[in-house]
Amino acid sequence: MGHLYRMGNVVELQHAVLDHYMTIARERCSTTQEFRAAFGHLGQILAVEMTKNIAGEAKVIETPLEATEGFRMHTSVAIVPILRAGLALVDPFVDLLPKSVVIHLGMYRNEETAKPIWYYNKLDEQAPVARAIILDPMLATGGSVVVAVEALRNFGIDQVEVGCVIAAPEGIHAVQEFDGDVDLTICKIDDRLDENCFIRPGLGDAGDRYFGTA
Ligand code: PRP
């Protein structure tokens with residue numbers, strides 16, 4: 001998959017199929033059903049990209065014709081959706097990594113302060129894993145992802161990555177300032193945050209559009 005943009009540990013994906021489904025996700029006139037389907041495909045593209053270097057081991061196997069070298073991946077990966085909208089991206093990752101664990105982190109953004117408010121944390125009940133992939137379609141101010149990264153670091157997880165559908169430059173900088181070792185993979189980096197801390201041009205509120213609660 002080609003990379004349109006790479007700066008430090010930030011990758012913005014370039015893919016014509018992604019552009020197609022991103023357009024459906026952005027369009028105001030898309031139905032809930034169309035929005036969900038588009039997010040499913042964007043999640044597939046993110047999942048393929050973010051797992052391209054997954055750890056594993058070489059293994060000699062027999063094809064029907066001869067021996068050759070194969071590869072078996074290790075699956076000590078935690079998929080960490082930030083509720084609610086992060087749930088929209090979980091299935092494509094679990095499909096590719098069927099033995100992964102899913103750790104739900106619940107928070108919403110206070111509409112006046114734009115600060116994240118915790119309401120659920122499944123982290124304490126999980127066995128430690130080496131690698132965690134935070135999923136949140138929207139990286140706006142970055143506040144939600146920063147507190148998720150902080151929680152995972154405090155839990156002792158070494159490799160923390162983030163997968164997003166759209167991100168504002170302000171949110172990317174906030175995550176990088178908080179922790180320069182976090183890799184970010186983003187379908188599209190948008191122009192800016194507006195005065196209400198919404199991503200522009202954006203796609204509206206991903207959680208409301210995905211769950212039909214707008
Ligand atoms: C939205 C979005 C992110 C967060 C991004 O969640 O899904 O989680 O805000 O903003 P930030 O980068 O400024 O923290 P929202 O509060 O709308 O909750 P929802 O997913 O339940 O709709």
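In each ligand, atom 1 is the first atom listed, and ligand 1 is the first ligand listed.
Side-chain contact between Thr32 and Arg36: present, with at least one pair of heavy atoms (C-beta onward) separated by less than 4.5 Å.
Taking CE from Met22 and NZ from Lys188, the interatomic distance works out to 7.0 Å, rounded to the nearest 0.5 Å.
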Step-by-step side chain to side chain contact (heavy atoms under 4.5 Å, CB included) determination, His104 to Leu83: CA-CA 7 Å; His104 297 85; Leu83 306 182; 3.8 Å; yes

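Every residue two or more places apart in sequence or in another chain that forms a salt bridge (Lys or Arg N to Asp or Glu O under 4.0 Å) with Asp208 is listed here: Arg84. Partners of Arg192 according to the salt bridge (Lys or Arg N to Asp or Glu O under 4.0 Å) rule, which considers only residues two or more places apart in sequence or in another chain, do not exist here.
Contacts classified as salt bridge (charged side-chain N to carboxylate O under 4.0 Å, His left out) and involving residues 173-187 (residues at least two apart or in different chains) are given here: Arg153-Asp179.
In this structure, ligand 1 sits under 4.0 Å from heavy atoms belonging to Leu83, Arg84, Ala85, Tyr108, Arg109, Asp136, Met138, Leu139, Ala140, Thr141, Gly142, Gly143, Ser144, Asp205, Gly207.
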